[in-house]
Amino acid sequence: MSLNKTPALSSLACTVVYWQKQHGRHHLPWQGTQDPYRIWLSEIMLQQTQVATVIGYYERFLSRFPDIATLAQAQQEDVMPYWAGLGYYARARNLHRCAQELATNWDCRFPPTPEQIATLPGIGRSTAAAIAAFAYGTRSAIMDGNVKRVFTRYFGIYGVTSQRETEKLLWDTAQSAVEAAPASLDMAAYTQGLMDLGSQCCIRGRPDCARCPLKANCYAYIHGVQQQLPTPKPRKASPERACKMLVVRSHDRILLEKQVSPGIWGGLWSLPRYDDASEIDAACRNFGQAGAAQKMAGLLHVFSHFKLHIEPWYLQCDTLRVTEAGQGQAWIAIEDLPSTALPAPIRKILDGLFNPHDRALPEFTDAPADTG
DNA sequence: CACGCGTGGCC
DNA sequence: TGGCCAAGCGT
(Lines give C-alpha, C1' and ligand atoms only; values in the text may rest on other atoms or scores of the structure.)
Protein backbone atom coordinates (compact mmCIF):
# COMPACT_ATOMS: atom_id res chain seq x y z
CA MET A 1 0.00 0.00 0.00
CA SER A 2 1.42 3.34 -1.03
CA LEU A 3 0.05 6.21 0.96
CA ASN A 4 3.00 8.53 0.70
CA LYS A 5 1.68 10.86 -1.95
CA THR A 6 -1.93 11.11 -0.89
CA PRO A 7 -3.19 14.42 0.48
CA ALA A 8 -4.61 12.42 3.38
CA LEU A 9 -1.09 11.57 4.47
CA SER A 10 0.76 14.83 3.90
CA SER A 11 -1.78 17.03 5.67
CA LEU A 12 -2.33 14.71 8.64
CA ALA A 13 0.47 15.68 11.02
CA CYS A 14 0.09 19.45 10.71
CA THR A 15 -3.67 19.20 11.17
CA VAL A 16 -3.16 17.15 14.33
CA VAL A 17 -0.63 19.61 15.75
CA TYR A 18 -2.85 22.62 15.02
CA TRP A 19 -5.82 20.93 16.66
CA GLN A 20 -3.80 19.75 19.65
CA LYS A 21 -2.60 23.23 20.48
CA GLN A 22 -6.17 24.56 20.45
CA HIS A 23 -8.21 21.66 21.77
CA GLY A 24 -5.86 19.03 23.18
CA ARG A 25 -4.91 18.35 26.79
CA HIS A 26 -2.18 20.59 28.23
CA HIS A 27 -2.46 20.31 31.99
CA LEU A 28 -1.84 16.67 32.80
CA PRO A 29 0.78 16.30 35.55
CA TRP A 30 3.39 14.83 33.19
CA GLN A 31 3.01 17.54 30.57
CA GLY A 32 5.03 20.74 30.40
CA THR A 33 8.31 18.95 31.08
CA GLN A 34 11.04 17.49 28.92
CA ASP A 35 12.46 15.47 31.82
CA PRO A 36 12.80 11.96 30.39
CA TYR A 37 12.32 10.46 33.86
CA ARG A 38 8.90 12.03 34.36
CA ILE A 39 7.85 11.23 30.82
CA TRP A 40 9.03 7.64 31.20
CA LEU A 41 7.24 7.18 34.52
CA SER A 42 3.98 8.50 33.08
CA GLU A 43 4.23 6.34 29.96
CA ILE A 44 4.76 3.19 32.00
CA MET A 45 1.90 3.98 34.36
CA LEU A 46 -0.39 4.80 31.42
CA GLN A 47 0.13 1.41 29.76
CA GLN A 48 -3.33 -0.18 29.64
CA THR A 49 -4.40 2.18 32.41
CA GLN A 50 -6.69 5.17 32.19
CA VAL A 51 -5.50 8.72 32.79
CA ALA A 52 -7.81 9.37 35.74
CA THR A 53 -6.47 6.31 37.54
CA VAL A 54 -2.84 7.21 36.95
CA ILE A 55 -2.78 10.82 38.17
CA GLY A 56 -2.73 10.10 41.91
CA TYR A 57 -0.22 7.28 41.62
CA TYR A 58 2.02 9.42 39.44
CA GLU A 59 2.17 12.30 41.90
CA ARG A 60 2.80 10.07 44.94
CA PHE A 61 5.48 8.08 43.12
CA LEU A 62 7.24 11.20 41.89
CA SER A 63 7.28 12.77 45.37
CA ARG A 64 8.94 9.69 46.82
CA PHE A 65 11.27 8.97 43.87
CA PRO A 66 11.98 12.35 42.22
CA ASP A 67 14.68 11.14 39.82
CA ILE A 68 16.38 8.12 38.30
CA ALA A 69 19.13 8.00 40.92
CA THR A 70 16.69 7.95 43.84
CA LEU A 71 14.69 5.16 42.23
CA ALA A 72 17.80 3.17 41.38
CA GLN A 73 19.09 3.34 44.97
CA ALA A 74 15.78 2.20 46.49
CA GLN A 75 14.97 -1.37 47.42
CA GLN A 76 12.23 -3.01 45.37
CA GLU A 77 10.21 -3.50 48.56
CA ASP A 78 10.22 0.26 49.01
CA VAL A 79 9.00 0.82 45.46
CA MET A 80 6.13 -1.66 45.25
CA PRO A 81 3.87 0.08 47.79
CA TYR A 82 3.73 3.06 45.47
CA TRP A 83 2.38 0.81 42.72
CA ALA A 84 -0.02 -1.23 44.85
CA GLY A 85 -3.51 -1.06 43.36
CA LEU A 86 -2.39 0.08 39.94
CA GLY A 87 -2.10 -3.42 38.51
CA TYR A 88 0.31 -5.03 36.05
CA TYR A 89 3.03 -5.18 38.71
CA ALA A 90 5.72 -6.34 36.30
CA ARG A 91 5.68 -2.72 35.16
CA ALA A 92 6.93 -1.62 38.59
CA ARG A 93 9.58 -4.34 38.78
CA ASN A 94 10.83 -3.45 35.31
CA LEU A 95 10.74 0.24 36.17
CA HIS A 96 13.01 -0.36 39.13
CA ARG A 97 15.35 -2.62 37.13
CA CYS A 98 15.45 -0.05 34.35
CA ALA A 99 16.44 2.71 36.75
CA GLN A 100 19.30 0.57 38.03
CA GLU A 101 20.40 -0.17 34.48
CA LEU A 102 20.34 3.54 33.63
CA ALA A 103 22.36 4.28 36.77
CA THR A 104 24.91 1.58 36.01
CA ASN A 105 25.35 1.98 32.27
CA TRP A 106 23.99 5.40 31.27
CA ASP A 107 24.99 7.83 34.04
CA CYS A 108 21.33 8.11 35.13
CA ARG A 109 20.32 9.45 31.72
CA PHE A 110 18.22 7.99 28.95
CA PRO A 111 19.94 6.82 25.76
CA PRO A 112 19.64 9.27 22.85
CA THR A 113 17.69 7.17 20.33
CA PRO A 114 14.36 5.35 20.52
CA GLU A 115 16.06 2.17 19.31
CA GLN A 116 18.41 2.24 22.29
CA ILE A 117 15.65 3.23 24.69
CA ALA A 118 13.59 0.27 23.52
CA THR A 119 16.27 -2.16 24.73
CA LEU A 120 15.60 -1.20 28.35
CA PRO A 121 13.36 -3.41 30.50
CA GLY A 122 9.65 -2.63 30.29
CA ILE A 123 10.08 -0.24 27.36
CA GLY A 124 8.85 -1.41 23.98
CA ARG A 125 8.80 0.29 20.63
CA SER A 126 5.86 2.57 21.32
CA THR A 127 6.91 3.72 24.78
CA ALA A 128 10.46 4.33 23.54
CA ALA A 129 9.13 6.46 20.69
CA ALA A 130 6.91 8.44 23.07
CA ILE A 131 9.79 9.15 25.46
CA ALA A 132 12.03 10.25 22.58
CA ALA A 133 9.31 12.39 21.01
CA PHE A 134 8.38 14.21 24.23
CA ALA A 135 11.89 14.53 25.67
CA TYR A 136 13.98 15.03 22.53
CA GLY A 137 11.52 15.82 19.73
CA THR A 138 12.61 12.69 17.88
CA ARG A 139 10.52 11.92 14.79
CA SER A 140 9.52 8.38 15.65
CA ALA A 141 5.96 7.07 15.60
CA ILE A 142 4.01 5.69 18.54
CA MET A 143 1.31 3.02 18.26
CA ASP A 144 -1.19 2.59 21.07
CA GLY A 145 -4.89 1.98 21.33
CA ASN A 146 -5.71 5.61 20.55
CA VAL A 147 -3.53 5.77 17.47
CA LYS A 148 -4.91 2.45 16.25
CA ARG A 149 -8.45 3.83 16.36
CA VAL A 150 -7.46 7.08 14.62
CA PHE A 151 -5.40 5.41 11.88
CA THR A 152 -7.64 2.43 11.13
CA ARG A 153 -10.51 4.85 10.63
CA TYR A 154 -8.62 7.63 8.89
CA PHE A 155 -6.86 5.33 6.42
CA GLY A 156 -9.56 2.65 6.25
CA ILE A 157 -7.30 -0.09 7.56
CA TYR A 158 -9.28 -3.27 8.09
CA GLY A 159 -8.15 -6.37 9.98
CA VAL A 160 -7.80 -7.19 13.66
CA THR A 161 -5.18 -4.75 14.92
CA SER A 162 -3.40 -7.33 17.08
CA GLN A 163 -2.61 -9.48 14.05
CA ARG A 164 0.87 -9.22 12.68
CA GLU A 165 0.00 -8.01 9.20
CA THR A 166 -2.37 -5.30 10.41
CA GLU A 167 0.06 -4.26 13.13
CA LYS A 168 2.87 -3.86 10.61
CA LEU A 169 0.69 -1.84 8.24
CA LEU A 170 -0.28 0.45 11.11
CA TRP A 171 3.33 0.99 12.18
CA ASP A 172 4.45 1.61 8.60
CA THR A 173 1.59 4.04 8.05
CA ALA A 174 2.33 5.85 11.31
CA GLN A 175 5.99 6.22 10.40
CA SER A 176 5.06 7.40 6.89
CA ALA A 177 2.83 10.06 8.39
CA VAL A 178 5.75 11.40 10.43
CA GLU A 179 8.13 11.32 7.49
CA ALA A 180 5.61 13.08 5.22
CA ALA A 181 5.38 15.97 7.68
CA PRO A 182 7.59 19.09 7.40
CA ALA A 183 10.87 19.08 9.30
CA SER A 184 9.52 21.82 11.56
CA LEU A 185 6.79 19.53 12.94
CA ASP A 186 6.28 19.83 16.70
CA MET A 187 6.73 16.14 17.53
CA ALA A 188 5.54 16.47 21.11
CA ALA A 189 2.33 18.20 20.08
CA TYR A 190 1.80 15.71 17.26
CA THR A 191 2.31 12.69 19.49
CA GLN A 192 0.11 14.14 22.20
CA GLY A 193 -2.45 15.23 19.61
CA LEU A 194 -2.89 11.73 18.21
CA MET A 195 -3.64 10.41 21.69
CA ASP A 196 -5.90 13.35 22.51
CA LEU A 197 -7.84 12.78 19.29
CA GLY A 198 -8.17 9.11 20.14
CA SER A 199 -9.42 9.78 23.64
CA GLN A 200 -11.60 12.84 22.99
CA CYS A 201 -12.99 12.47 19.45
CA CYS A 202 -12.10 9.14 17.91
CA ILE A 203 -13.57 7.03 20.69
CA ARG A 204 -14.72 3.49 20.18
CA GLY A 205 -18.48 3.57 20.68
CA ARG A 206 -19.69 6.93 19.38
CA PRO A 207 -16.89 8.88 17.70
CA ASP A 208 -17.49 12.64 17.79
CA CYS A 209 -16.70 13.23 14.13
CA ALA A 210 -18.32 16.67 14.14
CA ARG A 211 -15.45 17.97 16.28
CA CYS A 212 -12.72 15.98 14.54
CA PRO A 213 -10.21 18.00 12.50
CA LEU A 214 -9.46 14.99 10.28
CA LYS A 215 -12.96 14.28 8.99
CA ALA A 216 -12.47 15.87 5.57
CA ASN A 217 -9.98 13.13 4.63
CA CYS A 218 -11.12 10.38 7.00
CA TYR A 219 -12.01 7.13 5.21
CA ALA A 220 -14.41 5.98 7.92
CA TYR A 221 -16.21 9.34 8.07
CA ILE A 222 -16.48 9.64 4.30
CA HIS A 223 -17.81 6.10 3.92
CA GLY A 224 -19.85 6.05 7.13
CA VAL A 225 -18.05 3.00 8.51
CA GLN A 226 -16.89 4.41 11.87
CA GLN A 227 -18.67 1.59 13.67
CA GLN A 228 -16.88 -1.10 11.63
CA LEU A 229 -13.40 0.20 12.49
CA PRO A 230 -11.20 -0.78 14.13
CA THR A 231 -12.12 -4.33 13.12
CA PRO A 232 -13.31 -6.00 16.35
CA LYS A 233 -11.54 -9.07 17.63
CA PRO A 234 -13.44 -12.30 17.10
CA ARG A 235 -15.18 -13.10 20.34
CA LYS A 236 -14.20 -16.03 22.45
CA ALA A 237 -16.32 -19.13 21.96
CA SER A 238 -19.34 -18.71 24.17
CA PRO A 239 -20.72 -21.56 26.27
CA GLU A 240 -23.31 -23.74 24.58
CA ARG A 241 -26.56 -25.01 26.06
CA ALA A 242 -29.22 -27.30 24.69
CA CYS A 243 -32.92 -27.64 25.29
CA LYS A 244 -36.03 -29.18 23.78
CA MET A 245 -39.25 -27.35 23.07
CA LEU A 246 -42.72 -28.63 22.40
CA VAL A 247 -45.24 -27.30 19.91
CA VAL A 248 -48.61 -28.54 21.16
CA ARG A 249 -51.41 -27.99 18.70
CA SER A 250 -55.08 -28.34 19.39
CA HIS A 251 -57.25 -27.47 16.41
CA ASP A 252 -56.22 -23.95 15.40
CA ARG A 253 -54.33 -23.07 18.53
CA ILE A 254 -50.94 -23.74 20.06
CA LEU A 255 -49.72 -23.56 23.64
CA LEU A 256 -47.31 -20.76 24.52
CA GLU A 257 -45.66 -19.65 27.77
CA LYS A 258 -45.10 -16.07 28.86
CA GLN A 259 -41.43 -15.55 29.77
CA VAL A 260 -40.68 -13.77 33.01
CA SER A 261 -38.70 -10.58 33.28
CA PRO A 262 -35.90 -10.25 34.07
CA GLY A 263 -34.65 -13.30 32.20
CA ILE A 264 -34.04 -14.54 28.71
CA TRP A 265 -36.80 -13.29 26.40
CA GLY A 266 -38.54 -11.65 29.38
CA GLY A 267 -41.99 -10.38 28.38
CA LEU A 268 -42.12 -12.45 25.19
CA TRP A 269 -44.06 -15.62 24.47
CA SER A 270 -42.14 -18.85 23.92
CA LEU A 271 -42.74 -22.58 23.66
CA PRO A 272 -42.79 -24.89 26.69
CA ARG A 273 -39.16 -25.82 27.33
CA TYR A 274 -37.67 -29.11 28.53
CA ASP A 275 -34.18 -30.29 29.32
CA ASP A 276 -34.31 -33.85 27.96
CA ALA A 277 -36.39 -36.40 26.08
CA SER A 278 -37.90 -37.97 29.18
CA GLU A 279 -39.49 -34.65 30.05
CA ILE A 280 -40.95 -34.48 26.55
CA ASP A 281 -42.38 -37.99 27.04
CA ALA A 282 -43.87 -37.00 30.38
CA ALA A 283 -45.46 -33.93 28.88
CA CYS A 284 -46.98 -35.97 26.06
CA ARG A 285 -48.45 -38.46 28.56
CA ASN A 286 -49.85 -35.48 30.42
CA PHE A 287 -51.60 -34.42 27.25
CA GLY A 288 -52.89 -37.99 26.79
CA GLN A 289 -50.71 -38.52 23.73
CA ALA A 290 -47.88 -40.78 24.94
CA GLY A 291 -45.18 -41.25 22.30
CA ALA A 292 -46.95 -39.14 19.70
CA ALA A 293 -44.51 -36.24 19.53
CA GLN A 294 -42.46 -35.82 16.36
CA LYS A 295 -38.95 -34.44 16.36
CA MET A 296 -38.43 -31.40 14.14
CA ALA A 297 -35.29 -29.97 12.60
CA GLY A 298 -33.04 -28.46 15.26
CA LEU A 299 -31.70 -24.96 15.18
CA LEU A 300 -29.01 -22.90 16.84
CA HIS A 301 -29.69 -19.52 18.36
CA VAL A 302 -26.77 -17.27 19.25
CA PHE A 303 -27.18 -14.94 22.20
CA SER A 304 -24.64 -12.31 23.17
CA HIS A 305 -23.09 -14.55 25.82
CA PHE A 306 -24.09 -18.15 24.96
CA LYS A 307 -25.45 -20.37 22.23
CA LEU A 308 -28.65 -22.33 22.56
CA HIS A 309 -29.29 -25.53 20.63
CA ILE A 310 -33.04 -25.91 20.31
CA GLU A 311 -34.64 -29.23 19.43
CA PRO A 312 -38.31 -28.62 18.76
CA TRP A 313 -40.93 -31.38 18.92
CA TYR A 314 -44.43 -31.30 17.49
CA LEU A 315 -47.49 -32.80 19.19
CA GLN A 316 -50.93 -32.84 17.58
CA CYS A 317 -53.70 -33.44 20.12
CA ASP A 318 -57.09 -32.18 19.06
CA THR A 319 -58.72 -33.83 22.07
CA LEU A 320 -57.46 -31.09 24.37
CA ARG A 321 -59.77 -28.34 25.47
CA VAL A 322 -58.11 -25.01 25.04
CA THR A 323 -59.51 -23.71 28.29
CA GLU A 324 -57.01 -25.87 30.17
CA ALA A 325 -53.94 -23.68 30.19
CA GLY A 326 -51.55 -23.61 33.14
CA GLN A 327 -50.19 -20.62 34.98
CA GLY A 328 -48.36 -18.32 32.61
CA GLN A 329 -49.56 -20.32 29.62
CA ALA A 330 -52.07 -19.49 26.91
CA TRP A 331 -53.53 -21.13 23.84
CA ILE A 332 -52.81 -18.75 21.00
CA ALA A 333 -54.62 -18.94 17.68
CA ILE A 334 -52.28 -19.68 14.81
CA GLU A 335 -53.74 -16.75 12.90
CA ASP A 336 -52.74 -14.47 15.80
CA LEU A 337 -49.07 -15.54 15.78
CA PRO A 338 -47.95 -12.75 13.45
CA SER A 339 -49.03 -10.17 16.03
CA THR A 340 -47.69 -12.14 19.01
CA ALA A 341 -44.37 -11.10 20.61
CA LEU A 342 -42.16 -14.08 19.77
CA PRO A 343 -38.35 -14.42 19.98
CA ALA A 344 -36.77 -14.83 16.56
CA PRO A 345 -35.98 -18.56 16.82
CA ILE A 346 -39.49 -19.36 18.09
CA ARG A 347 -41.02 -17.45 15.22
CA LYS A 348 -38.80 -19.38 12.86
CA ILE A 349 -39.96 -22.71 14.27
CA LEU A 350 -43.61 -21.76 14.04
CA ASP A 351 -43.24 -20.18 10.61
CA GLY A 352 -41.72 -23.41 9.38
CA LEU A 353 -44.72 -25.31 10.68
CA PHE A 354 -47.59 -23.07 9.71
CA ASN A 355 -46.24 -20.92 6.90
CA PRO A 356 -44.10 -23.25 4.84
CA HIS A 357 -42.88 -21.13 1.94
CA ASP A 358 -41.65 -23.69 -0.48
CA ARG A 359 -43.10 -26.98 0.58
CA ALA A 360 -46.58 -28.37 0.97
CA LEU A 361 -46.14 -29.89 4.39
CA PRO A 362 -44.05 -29.18 7.46
CA GLU A 363 -40.86 -31.18 7.53
CA PHE A 364 -39.85 -33.54 10.29
CA THR A 365 -36.51 -35.18 10.74
CA ASP A 366 -34.75 -37.84 12.73
CA ALA A 367 -31.42 -36.07 12.56
CA PRO A 368 -31.69 -32.55 13.90
CA ALA A 369 -29.26 -30.20 12.26
CA ASP A 370 -28.22 -26.78 13.42
CA THR A 371 -29.53 -24.55 10.73
CA GLY A 372 -29.68 -21.41 12.90
C1' DC B 1 2.73 -15.16 18.36
C1' DA B 2 -1.08 -15.82 21.42
C1' DC B 3 -1.41 -15.23 25.81
C1' DG B 4 -1.09 -13.45 30.72
C1' DC B 5 -0.82 -9.61 33.34
C1' DG B 6 -4.72 -6.02 37.29
C1' DT B 7 -7.79 -2.75 37.93
C1' DG B 8 -11.56 0.33 36.88
C1' DG B 9 -14.97 2.13 33.61
C1' DC B 10 -18.30 1.53 30.25
C1' DC B 11 -22.82 -0.17 28.15
C1' DT C 1 -24.18 -7.47 33.63
C1' DG C 2 -20.69 -9.98 31.86
C1' DG C 3 -17.70 -8.90 28.37
C1' DC C 4 -14.85 -5.71 26.40
C1' DC C 5 -11.60 -2.18 26.63
C1' DA C 6 -7.86 1.16 28.36
C1' DA C 7 -1.14 5.78 26.75
C1' DG C 8 1.75 -2.33 25.90
C1' DC C 9 5.21 -5.43 27.12
C1' DG C 10 7.48 -9.84 27.93
C1' DT C 11 7.54 -14.54 27.06
Colleague: A/Q47: which residues meet the side-chain hydrogen bond (donor to acceptor under 3.5 Å, both in side chains) condition with it, sequence neighbours left out?
Modeller: A/T127
Colleague: Remember a base hit wins even if backbone is also touched, and classify A/R149 as base, sugar-phosphate or nothing at under 4.0 Å, heavy atoms.
Modeller: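 Since only primed, P, OP1 and OP2 atoms lie under 4.0 Å of A/R149, the category is sugar-phosphate.
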Colleague: Please report, rounded to the nearest Å, how far the P atom of C/dC5 is from the CG atom of A/N146.
Modeller: 14 Å
Colleague: From CD of A/E167 over to P of B/dC1, roughly how many Å is that when rounded to an integer?
Modeller: 12 Å
Colleague: Scan residues 68-85 of chain A for pairs that pass side chain to side chain donor-acceptor pair (under 3.5 Å), counting only residues two or more places apart or in two chains.
Modeller: A/D67-A/T70
Colleague: Between the protein and nucleotides 2-4 of chain B, are there any N/O to N/O pairs under 3.5 Å, and if so, what are the atom names and distances?
Modeller:
none

Colleague: Output all residues satisfying side-chain hydrogen bond (donor to acceptor under 3.5 Å, both in side chains) with A/S162, sequence neighbours left out; order by chain, then residue number.
Modeller: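 None.
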Colleague: Output one line per pair: protein atom, nucleotide atom from nucleotides 9-11 of chain C, and distance, for all N/O pairs under 3.5 Å.
Modeller:
residue: C/dC9; atom: OP1; partner: A/G124; partner atom: N; Å: 2.9
residue: C/dC9; atom: OP1; partner: A/G124; partner atom: O; Å: 3.4
residue: C/dC9; atom: OP1; partner: A/T127; partner atom: N; Å: 3.0
residue: C/dC9; atom: OP1; partner: A/T127; partner atom: OG1; Å: 2.6
residue: C/dG10; atom: OP1; partner: A/G122; partner atom: N; Å: 2.5
residue: C/dG10; atom: OP1; partner: A/I123; partner atom: N; Å: 3.4

Colleague: Using the P atoms only, state how far B/dG6 lies from C/dT1, rounded to an integer number of Å.
Modeller: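 Comparing P positions in C/dT1 and B/dG6 gives a spacing of 28 Å.
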Colleague: Once you round it to whole Å, what is the distance between P of C/dA6 and CD of A/E43?
Modeller: 16 Å
Colleague: Which pair of non-hydrogen atoms, one from A/T33 and one from A/I39, has the smallest distance, and what is that distance?
Modeller: O-CD1, 3.8 Å
Colleague: Please list, chain by chain and in numerical order, all residues satisfying side chain to side chain contact (heavy atoms under 4.5 Å, CB included) with A/A220, sequence neighbours excluded.
Modeller: A/R153, A/C218, A/V225, A/Q226, A/L229
Colleague: Please, what dot-bracket string fits DNA chain B when only Watson-Crick and G-U pairs with both distances under 3.5 Å count, crossing ones use [ ] and pairs to another strand use |?
Modeller: .||||.|||||
Colleague: Looking only at heavy atoms, which two atoms of A/T119 and A/Q116 are closest? And how far apart?
Modeller: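 Distance-wise, the nearest heavy atoms are OG1-O, 2.6 Å.
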Colleague: Please list, pair by pair, any protein nitrogen or oxygen found under 3.5 Å from a nitrogen or oxygen in nucleotides 7-10 of chain B.
Modeller:
residue: B/dT7; atom: OP1; partner: A/Y89; partner atom: OH; Å: 3.2

Colleague: Sequence neighbours excluded, which residues qualify as side chain to side chain contact (heavy atoms under 4.5 Å, CB included) partners of A/S140?
Modeller: A/P114, A/A129, A/A132, A/T138
Colleague: For A/W30, which contact category applies under a 4.0 Å heavy-atom criterion: base, sugar-phosphate, or nothing?
Modeller: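 Answer is base: heavy atoms of A/W30 come under 4.0 Å of a base.
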Colleague: Whole Å only: how far is the NZ atom of A/K233 from the C1' atom of B/dC1?
Modeller: 12 Å
Colleague: Between B/dG4 and C/dG3, how many Å separate the two P atoms, rounded to a whole number?
Modeller: 15 Å
Colleague: Any chance you could lay out the side chain to side chain contact (heavy atoms under 4.5 Å, CB included) test for A/L12 and A/F155, step after step, and finish with the verdict?
Modeller: CA-CA 11 Å; A/L12 170 64; A/F155 291 108; 4.0 Å; yes
Colleague: Whole Å only: how far is the CZ atom of A/R93 from the C1' atom of B/dG6?
Modeller: 12 Å
Colleague: Among A/F65, A/F110, A/W30, A/F61, whose ring-ring contact (aromatic ring centres under 6.0 Å, His included) with A/W40 holds?
Modeller: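 Testing A/W40 for a ring-ring contact (aromatic ring centres under 6.0 Å, His included) against A/F65, A/F110, A/W30, A/F61 leaves exactly one candidate, A/F110.
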Colleague: Would you name the heavy atoms of A/T191 and A/A133 that are closest together and state the gap between them?
Modeller: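 Smallest heavy-atom distance, with atoms named: OG1-CB, 3.5 Å.
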Colleague: I need the CZ-C1' distance between A/R91 and C/dA6, as an integer number of Å.
Modeller: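 To the nearest whole Å, that distance equals 11 Å.
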Colleague: By side chain to side chain contact (heavy atoms under 4.5 Å, CB included), which residues pair with A/A174, not counting sequence neighbours?
Modeller: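 Partners of A/A174 under the side chain to side chain contact (heavy atoms under 4.5 Å, CB included) test: A/A141, A/M143, A/F151.
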Colleague: If you take all heavy atoms of A/P111 and A/L102, which pair is closest and at what distance?
Modeller: CD-CD2, 4.0 Å
Colleague: Rounded to the nearest Å, what distance is computed from the CH2 atom of residue A/W40 to the P atom of nucleotide C/dG8?
Modeller: 18 Å
Colleague: Going by the rule side-chain hydrogen bond (donor to acceptor under 3.5 Å, both in side chains), which residues pair with A/D172 if we only count those two or more places apart in sequence or in a different chain?
Modeller: A/K168
Colleague: Taking only residues two or more places apart in sequence or in another chain, which ones pass side-chain hydrogen bond (donor to acceptor under 3.5 Å, both in side chains) with A/D107?
Modeller: A/R109
